[in-house]
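For reference, the structure is listed below as structure tokens.
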Amino acid sequence: MESKASPPARARGPRRTAAVWAILIAILLVGAYFRTLSLTSWDDGTGQHPDERFFTDVASNVRLPASLGELYDSARSPLNPRSYVQYPMFVYGPFPIYATRLAAAALTPNGALPEQVPSISGPPRMGADPSAPGEVRTDFGPLVPNPERALPKSAALIALLNPAGVNLTSYGEIVRVGRALAMLFDLGSILMVFLIARRLFDARVGLLSAALSALAVMQIQQSHFFVDPIFSTFFALLALYWAIRAAQGGGAWGYAALGLSIGAAMANRITLATLGLAAIIAAILAALHYVRSSPQGIQPSTFNLQPFFDRLLTRELPRLMLAGALTLLAFRAMSPDSFSGSLPSSPEMVGPRIIDAGLLQGKGFLDFRPDPRFIANLGTVRSLVSGEYDFPPGQQWVGRPEYSFPWANMVIWGMGPALGIAAWAGWLIFAIANLRLRIADWRLRMSGNLQSAISNLQPSAAWVLFVWVGFYFGWQGAQFAITMRYLLPIYGALIIFAAWLLVELWDIGGWG
């Protein structure tokens, strides 16, 4: 007879789910508390972060375009920092700048915005035209109506978030908008950590991962700056989530979302193109998952890899190619300054109507030629981070040992010793435990002892996270310039391994 104190199973399920989401909301509120402490006033406008000062300066000077044609013509786009003579080198992804400028303009009443702004027209700036690499243009085109005044505005949101009605696009104000967006994106990262951990393991690991992420020192610190790492980290976690969905047998929509996520991550930091490795690992795991799930997968192994390759080549590879194509499209859409997109430069082709017509004629958005200035900037920053160029800020990295220096900084300062050690221990123990289990299962299958073999042992999608952490740290940890924030894209994955290890130890100790 069922006890009255125990609700039926169908009632416990919804209640348990509601409890999980209630706890997650509480964790997010705690995370929001620490991330909003003196968010816009902690430095009293002194601009302590040099990269943040640069981001603020750029965001306060660019403006929204009047049309899609203007946006996707990098030589004349008013959102392209390289269209302005004071920013010949812009080495960051443009998404944080775009998002912040859009939010600031949307929350500024039209009365606080100028009625007209200079247009950007005429020949390209320095380096945009390969035939004139030394050309510098400092003049702007004629005044045009300010497109930011035509942006849809919400009086209710302006009254709530900008009650004084100040111009949030100005230098002193737009940094506050950028920091607020960084805080929101970091809360999104906490949510993504929960979703990934819950899908890989269970709700307990998901909630503990979210709590540890909410309290991670480096995330809290970086969310107080209007710079790119927080934005990059969110999109990296979003891509890892969809990679795990694909590894678990997800369909074409999962691969499509994965490709779009990687493209968005690249629009924040070009080095996150390396998330393509996570997509490849996901495709391999998905093929293995199918083979292990099929009737052939429980037969004694004869080293027949044909079913695996058939699945990989006929199903996973085409979907992986779909993800690659959407990655390029998303990057093109969200990082227009990385591509030329220029129309023929003749006097009669200056009007917005002609520009938009060019989009339909295969120019503009469909022009995938890299912008020469973007390529040149990549070469410069490569020399800066490798130490090839000697400049004062880079001299702090002289004599820093590879791997041990960034690892120690992450463990001691970025996470704190307890979380840092648990994270790396969890990462290593996960691999050891899973490999031992795979070897034991393989031996049983080879002996033909199918009754003892683990017939439902599936490839763990958590290998996506394991490989991502190992690859990214192995690559970045050897860089000459290894700023702590550069490793933020692997914090979420490491924290999930820490939470998994702690929950496993809890269960082994019989405390659950």
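Only this structure's heavy atoms are used, side chains among them; waters, hydrogens and symmetry mates stay out. All values derive from a computational prediction rather than experimental measurement.
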**Request:** Take Asn167 and Thr169 through the side-chain hydrogen bond (donor to acceptor under 3.5 Å, both in side chains) test and state the conclusion after the steps.
**Result:** CA-CA 5 Å; Asn167 182 3; Thr169 67; 2.5 Å; yes

**Message:** With a sphere of 6.0 Å drawn around CH2 of Trp413, does it hold more than 12 non-hydrogen atoms of other residues, nucleotides or ligands?
**Reply:** no

**Asked** Counting only heavy atoms not in Trp475, do more than 12 sit closer than 6.0 Å to its CH2 atom?
**Response** yes

With a 4.5 Å cut-off on side-chain heavy atoms, are [Y] and [X] touching?
X	Y	result
Asp367	Phe339	no
Pro96	Ser232	no
Leu237	Leu195	no
Leu168	Leu161	no

**Request:** Apply side chain to side chain contact (heavy atoms under 4.5 Å, CB included) to Ile27 and Leu207, showing your working.
**Result:** CA-CA 8 Å; Ile27 290 171; Leu207 290 173; 4.3 Å; yes

Minimum heavy-atom distance [X]-[Y], with the two atoms named:
X	Y	answer
Val227	Pro229	C-CD, 3.5 Å
Ser209	Ile496	OG-CA, 3.6 Å
Pro406	Leu487	CB-CD1, 4.0 Å
Tyr486	Pro489	O-CD, 3.4 Å
Ala103	Val177	CB-CG1, 3.9 Å
Leu107	Ile158	O-CG1, 3.7 Å

**Prompt:** By salt bridge (charged side-chain N to carboxylate O under 4.0 Å, His left out), which residues pair with Arg319, not counting sequence neighbours?
**Reply:** none

**Prompt:** Side chains of Tyr87 and Asp57: do they bring a donor and an acceptor to under 3.5 Å?
**Reply:** yes

Can you label the angle between the [X] ring and the [Y] ring as parallel, tilted or perpendicular, going by 30° and 60°?
X	Y	result
Phe95	Phe185	perpendicular
Phe55	Phe226	perpendicular
Phe90	Tyr92	perpendicular

**Message:** Between Asn377 (side chain only) and Val91 (backbone N and O only), is there a donor and an acceptor less than 3.5 Å apart?
**Reply:** no

**Asked** Are the side chain of Arg101 and the backbone of Leu79 linked by a donor-acceptor contact shorter than 3.5 Å?
**Response** no

**Spacing of CG belonging to Leu187 relative to CD belonging to Gln219, to within rounding of 0.5 Å** = 10.0 Å

**Message:** With rounding to the nearest 0.5 angstrom, report the OG1 to CD1 distance, Thr274 to Ile262.
**Reply:** 9.0 Å

**Asked** Can we say Asp186 and Arg35 salt-bridge, meaning some charged N sits less than 4.0 Å from an Asp/Glu carboxylate O?
**Response** yes

**Message:** Applying side chain to side chain donor-acceptor pair (under 3.5 Å), can you list everything that pairs with Asn268, at least two apart in sequence or on another chain?
**Reply:** none

**Request:** Could you check Tyr403 against Trp407 for ring-ring contact (aromatic ring centres under 6.0 Å, His included), going step by step and ending with a plain yes or no?
**Result:** CA-CA 6 Å; Tyr403 300 117; Trp407 185 88; over 10 Å; no

**Message:** Please enumerate all residues that pass side chain to side chain contact (heavy atoms under 4.5 Å, CB included) together with Leu215, with sequence neighbours excluded.
**Reply:** Val30, Phe34

